Amino acid sequence: MTRAGTVMTDEPNPTAPAVDESFLTAARRAKLARIIELGHDPWGSRFDDRQSIGEIRARAGEILFRRSSGIDLELPSLDTEEQRAAFRGWLAEQGAGEMAGPRVRAAGRIVLSRDAGKLKFIDIRDMTGQIQLFVGKAQVSDDWELAENFDLGDIIGVDGSLRRTKTGELSIFAESLYILAKSLETPPEKHSGLQDAELRQRQRYLDLIYNEGSLDRFLQRTQIVAAIRKTLGDRGFVEVEGPTLHAIAGGAAARPFTTHHNALDIDLYMRIALELHLKRLLVGGIERVYELGRVYRNEGISPRHNPEFTMLEAYQAYGDYRTMMDLTEECICEAIQAIGGSRDVGCEPRVIDASDRPASLAMSRSPVATCYELPWGDKKINFCRPFARKTYAELFQQHTRVSAQDEVAVAKLAKSLGLETAGRHPDVIKNDVFEAKVEDQLVGPIFVLDYPASICPLTKRKADDPAVAERFELFVGGMEIANAYTELNDPDLQEELFRSQLAGLSEEDSMAKMDQDFIRALRHGMPPAGGLGIGIDRLVMLLTNSASIRDIILFPLLRPEK
RNA sequence: GCUCCCUUAGCUCAAUUGGCAGAGCAACUGACUCUUAAUCAGUAGGUUUUAGGUUCGAGCCCUAAAGGGAGCACCA
């Protein structure tokens, strides 16, 4: 393993210069040195055949009380405080004897420690749970002094037997102890954890270790993403990996990050969307295709925006936006199920009536009633399939008392809301009003259908009304979660829409957006298709009841420290 | 980029009207072989984010900077 010119420095070096030689770390370094004196490597090594704490806890039923007479007794159940109290009485009645349980080996981080004379109670935690070690000076003999040099935060291993203490606490009665990694820093306060939002983000590892729910939340994120992949995979969607470095940053109207390729000497953009390359793959014959990956937008940071975020885009040939509505419901409901969302919470399967379903919109297949209820802030949100479906125009009318068709009245309303109207397209003004007055109100889940065509340059128009685009957005908890189109596959119209869209932009921006190869691909023929985008971060926020996107992104962007 | 708010011991938080900077946890010393946020006794730990200013006196008032938070702008 040693390469020429490299010196392996396996020898622990307790005299290494400390960055912060405060009295707290000095105490830990003194223990580090003492552990080395005792003949242990404070940085540990491979630790085979351990069981997870979750697995070990599951073996509690194997513990027996062995009376001196040789008769083994099963222990009473110990799930509640009453049962624990009863256990203590029961144990006192048994007289002479001792607990006997399976031999186990565990490893984890010390999160709590209580000394009681020649006894130590050490709580260790691994990814699956937490358990108490019972460490007696007489019982561990040689390892007692090692244990005396343990600190909160150290990662240790233990061999012992699984038993219960006299108070009923499931514990590993230690026989041998191992130091696997010394911790030289002081952990956060043990009751309240790490509260400071900045420290929680910068030092996410501490948040994960010490804040209740943090690790679970991020594991749930992984489960949600895995469930979405499974949902799509089960339906024949092919996952692909498109380029993240784009010569042309298209597919959305966001400002890209720029970067530079040295050998080619060209500026490149970090992708702002997945759309245009996935549609090329529809042309190429991948009839159901998706990508679940990172996009980058050079925009402001807020509780709902991080400059890099995870987006799902899925395209299905021979479908349309109604197809994608069903797919959206399936992805979300199966994700809820994957994280253990409660099912059938008494929400009556709703009958889709005229108010939910515009006459023009036929369900593409009969809905399956599936009901989940999740907390969202101080509210609860019911995810009952099918989700409500209302048109943009209906919702506009309902929440503003103004007809979306009445451009004069809409402009007047916009002005009264303090929105800029001069020189703007009526549909843009209308959409500003919609965003200001309607979106926040949509607790949902609700599909908003049929957007003004002029704000949807990549979307097919309705056959009977070219002013309306076949697009929906799914709103839940006031957030836009999904956005889907019947994809525009007319190359000439697409080019025209791009040009009119770009008319207002500077030459430089215009060049950045006009993707001639994409138009050329459409000219070769793209099947009619439905396309869906889901903002994964916002979906995870919603499903984990998180108020800030920074709570569900492991390492959100922060200014560099100092 | 703009506005407002926050920053006190390693961590979590106090500090009255501008009047001696405090507690809990963590640490250190001691007691305890069944603890559960263990308990008890004692010890130590501070450039109050930074740089200026006002004042007899500033954690507190003023100015600026840094970092964070909320909102706005940006985000078809």
Side-chain angles (χ1 to χ4, degrees), chain A residues 20 22-28 30-31 81 84 88 91 99 111-123 130-140 144 151-153 163-171 173 183-203 206 210-211 250-256 272-273 295 297-307 309 418 420 424-425 427-428 431-432 435 451-459 469 471 473 480 483 497-498 500-502 504-505 513 535 547-548 550 556 558-562:
Chain A
D20 174 15
S22 73
F23 68 101
L24 289 169
T25 54
R28 285 170 179 257
K31 290 182 187 172
E81 262 316 305
R84 281 164 175 267
R88 288 190 281 272
L91 195 64
M99 221 73 77
V111 291
L112 282 175
S113 181
R114 298 171 290 281
D115 282 4
K118 296 179 182 61
L119 278 188
K120 291 176 188 297
F121 296 91
I122 298 174
D123 289 9
Q130 188 170 323
I131 197 164
Q132 172 174 280
L133 310 186
F134 181 104
V135 180
K137 185 175 183 179
Q139 289 82 348
V140 297
W144 180 253
D151 282 307
L152 291 180
R163 296 187 225 164
R164 287 190 183 275
T165 62
K166 287 175 185 171
T167 53
E169 180 73 23
L170 188 66
S171 309
F173 281 64
S183 171
L184 296 173
E185 295 278 349
T186 316
E189 213 272 347
K190 72 183 177 186
H191 316 137
S192 40
L194 197 62
Q195 293 300 315
D196 186 276
E198 181 177 354
L199 292 180
R200 287 204 340 244
Q201 293 164 38
R202 284 196 198 281
Q203 297 180 254
L206 293 180
Y210 294 106
N211 282 345
R255 244 181 289 170
I272 57 172
V295 298
R297 297 187 179 179
N298 205 339
E299 292 159 6
I301 293 173
S302 85
R304 292 177 184 188
H305 298 81
N306 193 60
F309 61 100
E420 185 64 46
R424 311 191 74 183
H425 190 286
D427 283 347
V428 174
N431 202 47
D432 286 347
E435 287 178 5
Y451 278 68
S454 56
I455 60 170
C456 312
L458 292 157
T459 312
R471 170 188 186 182
E473 292 193 0
E480 176 196 333
N483 184 13
L497 292 175
F498 270 166
S500 61
Q501 189 74 20
L502 297 172
L505 299 178
K513 299 287 174 63
S548 170
R550 293 187 289 272
L558 294 172
R559 286 187 153 88
E561 209 171 348
K562 269 287 152 72

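All values below were derived from every heavy atom in this structure, side-chain atoms included, with hydrogens, water molecules and symmetry-related copies excluded. Throughout, a chain's letter reflects where its sequence line sits, starting with A, and its residues are numbered from 1. These numbers come from a predicted model, not from an experiment.
Taking A/Asp115 as the reference, A/Lys120 meet the salt bridge (Lys or Arg N to Asp or Glu O under 4.0 Å) condition, with sequence neighbours excluded. With sequence neighbours left out, A/Ala254 forms a side-chain contact (heavy atoms from CB on, under 4.5 Å) with A/Ile272, A/Arg297, A/Glu299. A/Glu189 is linked by a side-chain contact (heavy atoms from CB on, under 4.5 Å) to A/His191, A/Ser192, counting only residues two or more places apart in sequence or in another chain. A/Arg200 is linked by a salt bridge (Lys or Arg N to Asp or Glu O under 4.0 Å) to A/Asp207, A/Asp551, counting only residues two or more places apart in sequence or in another chain. Taking A/Ile455 as the reference, A/Asp427, A/Val428, A/Asn431, A/Tyr451, A/Pro452, A/Arg471 meet the side-chain contact (heavy atoms from CB on, under 4.5 Å) condition, with sequence neighbours excluded. Checked against salt bridge (Lys or Arg N to Asp or Glu O under 4.0 Å), A/Arg114 has the following partners two or more places apart in sequence or in another chain: A/Asp123. Looking at residues two or more places apart in sequence or on another chain, you find a side chain to side chain donor-acceptor pair (under 3.5 Å) between A/Gln130 and A/Arg125. A/Glu480 meets the salt bridge (Lys or Arg N to Asp or Glu O under 4.0 Å) test with no other residue; sequence neighbours excluded. Among residues two or more places apart in sequence or in another chain, the side-chain contact (heavy atoms from CB on, under 4.5 Å) test is passed with A/Lys31 by A/Asn149, A/Asp151, A/Lys182.
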B/S/- along nucleotides 69-76 of chain B (protein heavy atoms under 4.0 Å) is SSS-BBBB

How does each nucleotide of nucleotides 43-48 of chain B score, in 5' to 3' order, for protein heavy atoms under 4.0 Å: base (B), sugar-phosphate only (S), or none (-)? --S---

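Residue order along RNA chain B, read from the 5' end via each residue's closest nucleotide, puts A/Gln195 first among A/Gln195 and A/Leu112.
In RNA chain B, stems built from 3 or more consecutive Watson-Crick or G-U wobble pairs, each with both distances under 3.5 Å, span B:1-7 with B:66-72, B:10-13 with B:22-25, B:27-31 with B:39-43, B:49-53 with B:61-65.
Between A/Lys190 and B/A38 there is a side-chain polar atom (N or O) within less than 4.0 angstrom of OP1 or OP2.
Rounded to whole Å, the P atom of B/U47 lies 31 Å from the corresponding atom of B/C4. Nucleotides B/G59 and B/A41, compared at atom P, are 32 Å apart to the nearest Å. A gap of 38 Å separates the C1' atoms of B/A26 and B/U63, to the nearest Å.
Protein atom CG of A/Leu199 is 9 Å distant from nucleotide atom C1' of B/C11, rounded to whole Å. When the P atom of B/G10 is taken as reference, atom CD of A/Gln203 falls 13 Å away, rounded to whole Å. For the pair A/Arg559 CZ and B/U7 P, the computed distance is 19 Å after rounding to whole Å. In this structure, A/Lys137 atom NZ and B/A31 atom P are separated by 10 Å, rounded to whole Å. B/U33 atom P lies 18 Å from atom CZ of A/Arg163, rounded to whole Å.
Of the residues A/Leu152, A/Asn211, A/Leu194, the one that meets the side chain to side chain contact (heavy atoms under 4.5 Å, CB included) test with A/Pro188 is A/Leu194.
Counting any heavy atom pair closer than 4.0 Å across all strands shown, A/Phe134 reaches a base atom. Within the 4.0 angstrom heavy-atom criterion, base atoms lie near A/Asp115.
Between A/Glu185 and A/Arg28 no salt bridge is recorded (no basic side-chain N to carboxylate O distance below 4.0 Å).
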